[in-house]
Engineer: 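My structure is below; once you've seen it, I'll send some questions.
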Amino acid sequence: ELYQLRMWFAPVDRLGVRALVVLRSDAVMDELTDSPFPVVSSTYNGLIASLPLPKRVVTLFVTHSGNNLSMLRRPETVCVFVGHGESDKPDSSNPYARVYDEVWVAGPLGRRRYAEAAVGVRDDVIREVGRPQFVPPDTPPPKPPVIVYAPTWEGWGADPHHSSLPHLGVRLVDALLANPGVTVRYRPHPLTGRRHPDVRRAHEAIVKRVGRVPDDEPIERTMAGAAAMVLDVSSVIAEYLAYDRPYAVADTRGMGRRTHTRRFPSTGGGFLLGPDLSGLDAFVVAATGGRDSTTAKRRALLHDALGDPATSQDRVAAAVGRLRRG
């Protein structure tokens, strides 16, 4: 998906270095009309193997793919996995990451994920660079308050709780709409409903109620305009932490806070919504400017997950500069 690539355009552009986008799909290239860098595409491994490159190239990979192998084999490349977000999902500690020279994570929490997963990614190849895409805005969220529901999709696996949509999505939106003065926005994952009819039905029911965020609206704009967000276990949690605003996570399994936070540490700074929507009232109070019992935990988690958000771009620049020098 192009959103994985686009989120790195601005941080790389700010580096002020020569950059090139290499794609392995001509169809993707046809869709990519907004790249600030030159773009080449080839499905043929031989072309990638013979692509003229300088003696030392820092290569950033936004996703794990077998198609990456052709660039990984190039002796000129220093290969870095930057990903397209961090979460408590298995993808954020994928053993495939062993193939890279370095793995960049946002903060100490990302480093611990690899250590606890014990998948063979050495601690000395991990670098904490933050998330340069998400710079906290200088202005408060608009009023009246906007609450954004941004569930993830159903995933490639068999976990029925990957997305909250079929479990409580429609009930959640109806409950939020029952609060006078609250505007509800819906931002689904781009792949929502691709695999399971029940997810698609819930998605379509919510779209009928409140519409959806436009496809071309950057997620940082959605976040900046949100007084609070309701999320699933996904990378959006860590990204929203930079805004220091309330968030809630759906506990569709009914684990309870202690078990849920232990399994999904990124949820520990937010409100937890049970399968019956317990916890929603307290969350709405916080979202509308009232008492917020999660402030201290959220701010502690922010530094664990992201480090200092204000220094992230500088950390990325320093990491790229070090690798370019060799």
Side-chain angles (χ1 to χ4, degrees), residues 1-14 21 28-37 39 62-63 82-87 106 130-154 163-165 169-170 172-173 176-177 181-194 199-200 202-250 270 287 306 309 312-313:
E1 291 294 323
L2 282 174
Y3 76 91
Q4 301 173 350
L5 180 63
R6 286 186 172 120
M7 69 171 58
W8 282 98
F9 282 170
V12 172
D13 198 28
R14 288 193 293 263
V21 176
V28 171
M29 186 173 184
D30 289 342
E31 293 183 41
L32 185 61
T33 59
D34 57 346
S35 172
F37 316 111
V39 181
V62 300
T63 190
V82 296
H84 53 274
E86 288 185 26
S87 73
R131 291 286 287 158
Q133 295 85 354
F134 299 94
V135 179
D138 296 329
T139 57
K143 292 185 178 181
V146 174
I147 297 178
V148 175
Y149 177 39
T152 192
W153 70 304
E154 52 266 48
S163 172
S164 62
L165 272 167
V170 177
L172 168 69
V173 169
L176 290 174
L177 289 172
V182 171
T183 298
V184 180
R185 300 190 78 200
Y186 173 54
R187 186 184 177 105
H189 188 285
L191 298 179
T192 294
R194 292 282 184 92
V199 174
R200 186 164 55 253
H203 163 75
E204 291 171 350
I206 293 172
V207 170
K208 287 181 180 179
R209 285 164 167 78
V210 297
R212 59 178 294 175
V213 172
D215 290 338
D216 60 351
E217 180 173 303
I219 191 168
E220 55 267 30
R221 186 184 304 167
T222 304
M223 291 179 173
M229 297 187 75
V230 181
L231 306 165
D232 289 340
V233 174
S234 72
S235 62
V236 182
I237 295 177
E239 292 155 1
Y240 193 57
L241 284 171
Y243 295 82
D244 192 23
R245 298 171 187 172
Y247 70 96
V249 181
L306 300 179
S312 184
Q313 181 67 40

Engineer: Looking only at heavy atoms, which two atoms of Val62 and His84 are closest? And how far apart?
Structural biologist: O-ND1, 2.8 Å

Engineer: To the closest 0.5 Å, what do you measure between CG (Leu191) and OG1 (Thr152)?
Structural biologist: 8.5 Å

Engineer: With a 3.5 Å distance limit and no angle check, can you tell me whether Arg187 reaches the backbone of Glu217 through a side-chain donor-acceptor pair?
Structural biologist: yes

Engineer: Would you say the side-chain atoms of Glu154 pair up with the backbone N or O of Arg194, donor to acceptor, closer than 3.5 Å?
Structural biologist: yes

Engineer: With a 4.5 Å limit on heavy-atom distance, are the side chains of Val199 and Trp153 in contact?
Structural biologist: no

Engineer: Has Glu31 got a side-chain atom pairing as donor or acceptor with Leu2's backbone, closer than 3.5 angstrom?
Structural biologist: no

Engineer: Return the orientation label for the His189 and Tyr3 ring planes: parallel under 30°, perpendicular over 60°, tilted otherwise.
Structural biologist: perpendicular

Engineer: Check whether Ser87 reaches the backbone of Val233 with its side chain - one donor and one acceptor, N or O, closer than 3.5 Å.
Structural biologist: no

Engineer: Verify, without hydrogens or angle tests, whether Trp8 (side chain) and Gly83 (backbone) share a donor-acceptor contact under 3.5 angstrom.
Structural biologist: yes

Engineer: Please give me the minimum heavy-atom distance between Gly130 and Pro132, naming the atom from each residue.
Structural biologist: O-CD, 3.7 Å

Engineer: Can you find a pair of side-chain heavy atoms, one from Pro309 and one from Arg131, that are under 4.5 Å apart?
Structural biologist: no

Engineer: Report the residue from Arg209, Arg212, His203 that forms a side chain to side chain donor-acceptor pair (under 3.5 Å) with Tyr186.
Structural biologist: His203

Engineer: Counting C-beta onward and ignoring hydrogens, is there a side-chain heavy-atom pair between Gln133 and Glu220 closer than 4.5 Å?
Structural biologist: no

Engineer: Under a 3.5 Å distance rule, please check whether Arg245 uses its side chain to pair with a backbone N or O of Met223 as donor and acceptor.
Structural biologist: yes

Engineer: Check whether any side-chain N or O of Tyr240 sits under 3.5 Å from a backbone N or O of Leu231 as a donor-acceptor pair, and report yes or no.
Structural biologist: no

Engineer: Side-chain contact, heavy-atom cut-off 4.5 Å: Met229 with Glu239?
Structural biologist: no

Engineer: Hey, could you give me the OH/CG distance between Tyr247 and Leu241, rounded to the nearest 0.5 Å?
Structural biologist: 5.0 Å

Engineer: Can you find a heavy atom in the side chain of Asp34 that is under 4.5 Å from one in the side chain of Phe9?
Structural biologist: yes

Engineer: Are the side chains of Ser164 and Tyr149 in contact, using a 4.5 Å heavy-atom criterion?
Structural biologist: yes

Engineer: Given side chains that start at C-beta, do those of Ile206 and Leu172 come closer than 4.5 Å, heavy atoms only?
Structural biologist: no

